[in-house]
Number of protein chains: 2
Amino acid sequence: MTIKEIAKLAGVSQATVSKIINNYDDVGAKTKERVLGIMEEHGYRPSYAAQSLVKKVTKVVGVIYAGKINANFNHPFFVDVMSMFKKTMGAEGYDLLFFSNEKFHKNNENYLARCQHYNVDGCIIIGGDEVEPSVYELDQSEIPCIGIDLPLSGKHSGYIMTDNAKISALAVEHFYLLGERNIAFIGGKKTSNISTERLHGFKEVMKTYGLPVKEDWIKHGDFFEESGFIAMNELLEQEECPEAVFAASDLMAMGAVRAIKESGRKIEDFAVIGCDDITASRYIDPPLTTVKQDKDKIGKMAAYVLKDMINNQIEQTSVRVEPELIIRESCSEKKRQLR
Amino acid sequence: MTIKEIAKLAGVSQATVSKIINNYDDVGAKTKERVLGIMEEHGYRPSYAAQSLVKKVTKVVGVIYAGKINANFNHPFFVDVMSMFKKTMGAEGYDLLFFSNEKFHKNNENYLARCQHYNVDGCIIIGGDEVEPSVYELDQSEIPCIGIDLPLSGKHSGYIMTDNAKISALAVEHFYLLGERNIAFIGGKKTSNISTERLHGFKEVMKTYGLPVKEDWIKHGDFFEESGFIAMNELLEQEECPEAVFAASDLMAMGAVRAIKESGRKIEDFAVIGCDDITASRYIDPPLTTVKQDKDKIGKMAAYVLKDMINNQIEQTSVRVEPELIIRESCSEKKRQLR
DNA sequence: CTGAAAGCGCTTACAG
DNA sequence: CTGAAAGCGCTTACAG
């Protein structure tokens, strides 16, 4: 079904049908009504390709998982953010194009070319570690971009991320109030932005409370469970072993808990705080105290900011979202009294 | 950058450039090389819209989360399936278009129109409960479709799902061998295909082993945690209370475990088996015995079958994937000996 | 081996 | 208020 057929059926020109589709106001009321009826009846919908070729607007937003690691489609943090993003953009009339084609360019990725190819209205970029240079080319282009956990600086870009320094502050403050003084930090890869910000925040707040920052008690994993397990084992082997551990992800915290248990030590003798508040953290033993990232807010914020940038309502907007401490048994007052 | 500009730069016609893009073999070797060089240099990529308008092929596959419930973007089972699907389709040169736009049609959803609008090469449909009729319209169309947990019957359709009867068989068999005789079943909504298949399988196998199927011990939740909690509480309140519970999802099994704990009973006195093997099931207390669905295989299989249907290599292909029993502490030999 | 030209399904000044 | 026509960036018979 094409616009031509609809026009013939209605006894009007293509131009008139087009004007009705695009809500021009210089069309006769009866004509409009009749044509609308015919369109409805035949379930007609203008072709994306033809429209996109002529207009600038496509109502499609590109989704990019950037970086080599830690930004997978099924990552427990990002998937919740994306879920809300999808929902919110959907309500605004957008569909989402996930870039997965690995044959797009033979050697190096070229995100800008890909966006131009599809003529997307805007882009959301999920930031992993070791982000490709091509991402910043896109960032600096005319195409509106919103970064998640990825600071973008382009004129038509913005980013949404949790206040990472605040995350560490909440964790250390909680430890401090429970009397913990020997605190270790397990971060992500050294190349990770997020991890670096959290480590930096950690060191700052430790100083604020006059607590010692021991380099031996700072470990780097990759945000996944196994790496937390390994890092904790290294900490346990040290002569002076910390009793409190702040891990920069729940998965690593879960790995740390497992390491403590498997070493034969009592988990009650350790205080562990994770980060993210993924679903699993509520169900593990002991339930994990964690610094929650407001995934819904991040996803929704990303959608609205991107939409407003696309419509030129705003430019260059970035938001730091407040984290929240969720106290469960892995590090709590109640537990402290048991020791 | 358009084909016209490339042609001018190379001193050839648009037609020649187009033939090179489309790998026609009637182009001079030197010409081809020169044009290729220029295209490379300028990072030129033909416009999706223009190509799609002329050709039939778009190298884009649509993704539909169908049904009102239980098929969300961040569903722990489907997200893993989709992750592998995305990866596999990506390696084959496809990008993925997720239908999220809620304004596409004012009242009723029309998936076929949407696919035609975007001119997608094929579609993957994730099946939830209470699937819209419009899905079956798409199913019966010319567009290749692959269903996940959704039996499709169209000439150009197929589906991939776990052998649900086998799932129940594995669970009941395991209970049987551990000496459990009082077995309850917690399923999803009655309108759920999957749940119905599992319940049916459950009843069949129970009969095979000569075990009693008590209607009071068959409960229906919605696959999420809270519903398992509620169902288990109902079971606990009964005069005769089952000691073994098979839940049709890990989340519901986790809810059941929570209900048992919060009721003040000892979790050691119950045997619980879940279904799916989501990530969290490994970390909860006690680690959950579950029937694993091979998510990677399902995702990969869906990708290859869909690709082959798109390329007319095959038609009407459906696969039942074998489940696997994963024994952990919530229901194991070791635990039985403790009782 | 190469290119001129029609056509894919739309939108948009422009003329009436 | 309505329509003829050019043009968006490609591909594909067809002629040479």
Side-chain angles (χ1 to χ4, degrees), chain A residues 1-39 42-60 104 112-121 142, chain B residues 1-39 42-60 104 112-121 142:
Chain A
M1 186 102 290
T2 70
I3 197 173
K4 215 169 174 174
E5 302 178 69
I6 296 289
K8 174 166 284 178
L9 250 31
V12 295
S13 73
Q14 282 186 43
T16 300
V17 178
S18 177
K19 281 171 189 163
I20 291 169
I21 293 170
N22 293 285
N23 260 312
Y24 282 52
D25 52 10
D26 60 346
V27 179
K30 318 68 122 357
T31 314
K32 184 167 177 176
E33 196 176 343
R34 180 160 40 91
V35 175
L36 240 26
I38 293 176
M39 280 169 50
H42 293 263
Y44 168 75
R45 239 309 192 126
S47 140
Y48 171 80
Q51 275 192 146
S52 160
L53 197 56
V54 179
K55 308 210 288 188
K56 349 83 253 14
V57 175
T58 59
K59 284 290 183 179
V60 168
F104 192 86
L112 180 53
R114 219 185 251 242
C115 286
Q116 286 167 168
H117 171 69
Y118 283 116
N119 199 17
V120 297
D121 288 351
E142 296 290 303
Chain B
M1 187 101 292
T2 71
I3 198 174
K4 214 168 175 176
E5 302 177 68
I6 296 288
K8 176 167 281 179
L9 249 31
V12 296
S13 73
Q14 282 187 42
T16 300
V17 177
S18 177
K19 281 171 189 164
I20 290 168
I21 293 169
N22 294 285
N23 261 311
Y24 281 51
D25 54 8
D26 62 345
V27 181
K30 316 68 118 2
T31 314
K32 185 167 178 176
E33 197 177 342
R34 182 159 41 90
V35 175
L36 240 26
I38 293 175
M39 280 169 50
H42 292 263
Y44 168 75
R45 241 306 194 127
S47 139
Y48 171 79
Q51 277 192 144
S52 159
L53 197 55
V54 179
K55 307 210 287 187
K56 347 93 240 32
V57 175
T58 58
K59 284 287 181 181
V60 169
F104 192 86
L112 180 55
R114 222 186 250 243
C115 286
Q116 285 167 168
H117 171 68
Y118 283 116
N119 198 17
V120 296
D121 288 351
E142 296 289 302

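Naming: A, B, ... by sequence-line order, numbering from 1 per chain.
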Does Tyr44(B) put a side-chain nitrogen or oxygen below 4.0 Å from OP1 or OP2 of dC10(D)? yes
Rounding to 0.5 Å, atoms NZ (Lys19(B)) and OG1 (Thr31(B)) come to a distance of 11.5 Å
Result for 5'-nearest mapping on DNA chain C, choosing between Val54(B) and Ala29(B), is Ala29(B)
Choosing from dG9(C), dT11(D), dT2(D), which nucleotide comes nearest the side chain of Val27(A)? dT2(D)
Report the distance from atom CD of Glu5(B) to atom P of dC8(D), rounded to the nearest whole Å. 11 Å
May I have the distance from Lys19(B) (atom NZ) to dC14(D) (atom P), rounded to whole angstrom? 13 Å
For DNA chain C, which ranges pair as stems of 3 or more consecutive Watson-Crick or G-U pairs, with both donor-acceptor distances under 3.5 Å? C:1-3 with D:14-16, C:5-12 with D:5-12, C:14-16 with D:1-3
To the nearest Å, how far apart are Ile3(A) CD1 and dA4(D) P? 13 Å
Whether Tyr24(B) contacts dT12(D) is assessed here as follows: a side-chain N or O lying under 4.0 Å from the phosphate OP1 or OP2. Is that the case? yes
For Tyr48(B), report the nucleic acid contact type (base, sugar-phosphate, nothing); a contact means any heavy atom under 4.0 Å. nothing
Taking Thr58(A) for the side chain and Asn119(A) for the main chain, is one N or O donor matched with an acceptor at less than 3.5 Å? yes
dT2(C) P sits how many Å from Lys8(B) NZ, rounded? 20 Å
Taking any heavy-atom pair under 4.0 Å as a contact, classify Thr31(A): base, sugar-phosphate, or nothing. sugar-phosphate
For Leu53(A) and dG7(C), give me the distance from atom CG to atom C1', rounded to whole Å. 12 Å
Distance in angstrom units between Ile6(B) CD1 and dT11(D) P, rounded: 12 Å
Side-chain N or O of Thr16(B) versus OP1/OP2 of dT2(C): is the shortest distance under 4.0 Å? no
Rounded off to whole Å, could you give me the CD-to-P distance for the Gln14(B) and dG9(D) pair? 10 Å
From dG3(C), dT11(C), dT11(D), nucleotide with atom closest to Lys55(B) side chain: dT11(D)
Less than 4.5 Å apart, side chain to side chain, heavy atoms only: is that true for Lys32(A) and Asn23(A)? yes
What nucleic acid atoms does Thr2(B) come within less than 4.0 Å of, heavy atoms only: base, sugar-phosphate, or nothing? sugar-phosphate
Scanning both residues in full, the closest heavy-atom pair of Lys59(B) with Asp121(B) reads N-OD2, 2.7 Å
Toward the 5' end of DNA chain D, which comes first, Ala49(B) or Asp26(A), by nearest nucleotide? Asp26(A)
Flag side-chain contact, heavy atom, 4.5 Å: Ile21(B) against Tyr44(B): yes
Of the nucleotides dG3(C), dT11(D), dA13(C), which has the atom closest to the Ser13(B) side chain? dG3(C)
note: Arg34(B), atom CZ; dT2(C), atom C1'; distance rounded to Å ~ 12 Å
Geometric class of the Tyr48(B)/Tyr118(A) ring pair [parallel <30°, tilted 30-60°, perpendicular >60°]: tilted
Flag yes if more than 12 heavy atoms outside Glu5(B) fall under 6.0 Å of its CD atom; otherwise flag no. yes
Does any non-hydrogen side-chain atom of Gln14(A) lie less than 4.5 Å from one of Thr2(A)? no
Using a 4.0 Å heavy-atom cut-off across all strands, classify Ser47(A) as base, sugar-phosphate, or nothing. sugar-phosphate
